[in-house]
K.L.:
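Below: one structure in structure tokens.
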Amino acid sequence: MNRRAFSWTALCLAAVVSSSAPIAAQAETNFPTRTVRIISPFAAGGPTDSLLRIMVDKLKDKWKQTVIIENKPGAGTMVGTSYVARAQPDGYTIGYAIGALTINQAIRESVPYDLTRDFEYVTQCTYVSGYPLVANANFPANTLPELIALAKKSSPPLMFASPGPGTNGHMMGLLLARETGTQLQHVPYNGSAPALIDVLAGRVPLMFDVWISVKPYVDAGKLKVIALANTERMPGYNFPTIGETVPGAGMDSIQGFIAPAGTPKEIVDKIARDIGEVVNDPATAARIRPLGFAPVHSSPAQYKAKVMAEFEQWKRVSAETGLKLK
């Protein structure tokens, strides 16, 4: 290459390098410039939908743009989640993810996306603040050690209800049985409400459920809390966690935002920061907590690490129990 050609090439390369930084900065500071869609994998209504609407109201004010929730329920959240995986990776379509994101990948034979390659992990924003194992008021055990002792000598096995196969309640029951060397018989229902009815009636003695659903019955003495599935005690209450008796057994049901793989890092980081400012706002937190969620903020890397750790946990449960769903 002669000197003139080399100089021209170097000039072109310098121009490319110098122009790339302003483009990245512009993507970070100007986003968004049009409507942002948040894909919810649930039907409208319920605590999670209410949580999203609180955050959307704040994001509208922060971004000075329209932010809409599109509800795409079905297949245990896989319909909405697969829609996010196929969306344009520009930040204008992001998704909301719960524990089903990792459970589905761990236990199902066919999932229309891959956790490791189809998403950018934006930020964790909440976790379920209270997820207790409750028992009918007449159940003979009052503590987790008492329940474990009872389960070890019970024949047939003690039964526990859940909203259905592959739900948090089902997986936590399997995890508890595996970690304690006991047998627990899963009784699946079509949703939390009918499962809770049978636990209240004493037809099935045990169930994992969210605190916001069981609190009125605990307060009325119709249910009792054996222990919390959470890794830490619930603020304001003295319920022990399962992990205090069985180290390593627990879950927090983390929730957060995902984006299609290939979404620019500058945009992912900006969305993460902006959502963090929303959930860290005391007024927002005061509206979120009564729904049964604890606000939290994480970096994209921190959120991804938590998702992958949760995925590995459920993979181990699936492998050791033989649980596989189509």
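In this text, all values refer to a predicted model and were calculated from it rather than measured experimentally.
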K.L.:
Side chains of Pro260 and Phe119: does their closest heavy-atom pair fall under 4.5 Å?
P.N.:
no

K.L.:
Using a 3.5 Å distance criterion without hydrogens, assess whether the side chain of Lys224 forms a donor-acceptor pair with backbone atoms of Ala141.
P.N.:
yes

K.L.:
Is it true that a side-chain atom of Lys304 and a backbone atom of Glu120 form a donor plus acceptor pair closer than 3.5 Å?
P.N.:
no

K.L.:
Rounded at 0.5 Å granularity, tell me how far CD1 in Ile69 sits from CZ in Arg53.
P.N.:
4.0 Å

K.L.:
State which residues pass side chain to side chain contact (heavy atoms under 4.5 Å, CB included) with Ala75; sequence neighbours excluded, sorted by chain then number.
P.N.:
Met78, Val79

K.L.:
Determine, step by step, whether Asn168 and Tyr131 satisfy the side-chain hydrogen bond (donor to acceptor under 3.5 Å, both in side chains) criterion, reporting the C-alpha distance in whole Å, the side-chain angles of both residues, the deciding distance to 0.1 Å, and the verdict.
P.N.:
CA-CA 10 Å; Asn168 281 343; Tyr131 197 66; 4.9 Å; no

K.L.:
Ignoring hydrogens and geometry, is there a side-chain-to-backbone donor-acceptor pair from Asp252 to Tyr127 under 3.5 Å?
P.N.:
no

K.L.:
Which pair of heavy atoms, one from Ser40 and one from Leu52, lies closest together, and at what distance?
P.N.:
CB-CD1, 3.7 Å

K.L.:
Could you grab the distance from atom CE of Met171 to atom CG of Leu323, nearest 0.5 Å is fine?
P.N.:
5.5 Å

K.L.:
Just by distance, no angles: are the side chains of Gln124 and Lys306 close enough, under 3.5 Å, to form a donor-acceptor pair?
P.N.:
yes

K.L.:
Could you tell me which non-hydrogen atom of Val214 sits nearest to which non-hydrogen atom of Pro132, and how far apart they are?
P.N.:
CG2-CG, 3.9 Å

K.L.:
Is the closest side-chain heavy-atom distance between Thr66 and Val36 below 4.5 Å?
P.N.:
no

K.L.:
Between Asn104 (side chain only) and Gly76 (backbone N and O only), is there a donor and an acceptor less than 3.5 Å apart?
P.N.:
yes

K.L.:
Please check: side-chain N/O of Thr245 versus main-chain N/O of Leu144, any donor-acceptor pairing under 3.5 Å?
P.N.:
no

K.L.:
For Leu200, is there any backbone N or O sitting under 3.5 Å from a side-chain donor or acceptor partner on Asn136?
P.N.:
yes

K.L.:
Enter the distance from Glu277:CD to Leu59:CG here, rounded to the nearest 0.5 Å.
P.N.:
10.0 Å

K.L.:
Output yes when a side-chain donor or acceptor of Asn71 lies under 3.5 Å from a complementary backbone atom of Phe42, and no otherwise.
P.N.:
yes

K.L.:
Would you call the rings of Tyr121 and Tyr303 parallel, tilted or perpendicular, taking 30° and 60° as the class edges?
P.N.:
perpendicular

K.L.:
Counting heavy atoms not belonging to Lys265, are there more than 12 under 6.0 Å from its NZ?
P.N.:
no

K.L.:
Same hydrophobic cluster for Phe139 and Val199, using side-chain heavy-atom links shorter than 4.5 Å among ILVMFWY?
P.N.:
no

K.L.:
Can you name the one residue among Asp118, Val84, Ile39 that meets side chain to side chain contact (heavy atoms under 4.5 Å, CB included) with Ile258?
P.N.:
Val84

K.L.:
From His170 NE2 over to Met207 CE, what is the distance, rounded to the nearest 0.5 angstrom?
P.N.:
13.0 Å

K.L.:
Inspect the contact between Asp219 and Lys215 and indicate whether a charged nitrogen and a carboxylate oxygen are less than 4.0 angstrom apart.
P.N.:
yes

K.L.:
Please tabulate, for side-chain N and O atoms in residues 149-159, each donor-acceptor pair with protein atoms closer than 3.5 Å (sequence neighbours left out).
P.N.:
{"residue": "Ser154", "atom": "OG", "partner": "Pro156", "partner atom": "O", "Å": "2.9"}

K.L.:
Taking the six-membered ring of Phe239 (Phe, Tyr or Trp), confirm whether the NZ or CZ of Arg233 is under 6.0 Å from its centre and within 45° of its axis.
P.N.:
no

K.L.:
Quick one: which of Asp90, Ile267, Val268 gives a side chain to side chain contact (heavy atoms under 4.5 Å, CB included) with Phe31?
P.N.:
Ile267

K.L.:
Which residues satisfy the side chain to side chain contact (heavy atoms under 4.5 Å, CB included) test with Glu232, sequence neighbours excluded?
P.N.:
none

K.L.:
Hey, is the main chain of Asp61 close enough, under 3.5 Å, to the side chain of Lys64 for a donor-acceptor pair?
P.N.:
yes

K.L.:
Return the minimal non-hydrogen interatomic distance between Ala195 and Ala161, and the atom names on each side.
P.N.:
CB-CB, 4.0 Å

K.L.:
What pairs with Thr102 under side chain to side chain contact (heavy atoms under 4.5 Å, CB included), at least two apart in sequence or on another chain?
P.N.:
Leu115, Val307, Glu310, Phe311, Trp314

K.L.:
Quick one: do Val210 and Tyr237 end up in the same hydrophobic cluster if we chain Ile, Leu, Val, Met, Phe, Trp and Tyr together by side-chain heavy atoms under 4.5 Å apart?
P.N.:
no

K.L.:
Are Asp198 and Leu196 side-chain neighbours, meaning at least one heavy-atom pair lies under 4.5 Å?
P.N.:
no

K.L.:
What's the separation between atom CD in Glu266 and atom CD1 in Ile271, rounded to the nearest 0.5 Å?
P.N.:
11.5 Å

K.L.:
Find out if a path of hydrophobic residues (ILVMFWY) with successive side-chain heavy-atom gaps under 4.5 Å connects Ile212 to Met234.
P.N.:
no

K.L.:
Is it true that Leu291 and Val279 fall in one hydrophobic cluster, defined by side-chain heavy atoms closer than 4.5 Å?
P.N.:
yes

K.L.:
Would a line drawn from the ring center of Phe160 to the ring center of Phe208 be shorter than 6.0 Å?
P.N.:
no

K.L.:
Go through the steps for Thr81 and Leu101 under the test side-chain contact (heavy atoms from CB on, under 4.5 Å), then give the verdict.
P.N.:
CA-CA 8 Å; Thr81 304; Leu101 179 73; 3.7 Å; yes

K.L.:
May I ask you to check whether over 12 heavy atoms, not counting those of Glu109, lie within 6.0 Å of atom CD?
P.N.:
yes

K.L.:
Can you check whether Ser298's main-chain N or O pairs, donor with acceptor, with Thr123's side chain at less than 3.5 Å?
P.N.:
yes

K.L.:
Counting N and O atoms only, with roles assigned by atom type, does the side chain of Glu179 sit under 3.5 Å from a partner on the main chain of Leu175, one being a donor and the other an acceptor?
P.N.:
no

K.L.:
Is it the case that one hydrophobic cluster holds both Ile103 and Leu176, taking links as side-chain heavy atoms less than 4.5 Å apart, direct or via other members?
P.N.:
yes

K.L.:
Using side chain to side chain contact (heavy atoms under 4.5 Å, CB included) as the criterion, list what pairs up with Gln255, not counting sequence neighbours.
P.N.:
Thr48, Leu51, Tyr96, Ile98, Thr126, Val128, Ser253, Phe293

K.L.:
According to salt bridge (Lys or Arg N to Asp or Glu O under 4.0 Å), does anything in residues 317-326 pair up with another residue at least two apart or in another chain? List the pairs.
P.N.:
Arg178-Glu320

K.L.:
Is there a donor in the side chain of Arg37 and an acceptor in the side chain of Thr93, or the other way round, less than 3.5 Å apart?
P.N.:
yes

K.L.:
Check whether Tyr83 forms a cation-pi arrangement with Lys72 (NZ or CZ under 6.0 Å from the six-membered ring centre, at most 45° off the ring normal).
P.N.:
yes

K.L.:
State the CE-OG distance between Met172 and Ser162, to the nearest 0.5 angstrom.
P.N.:
13.5 Å

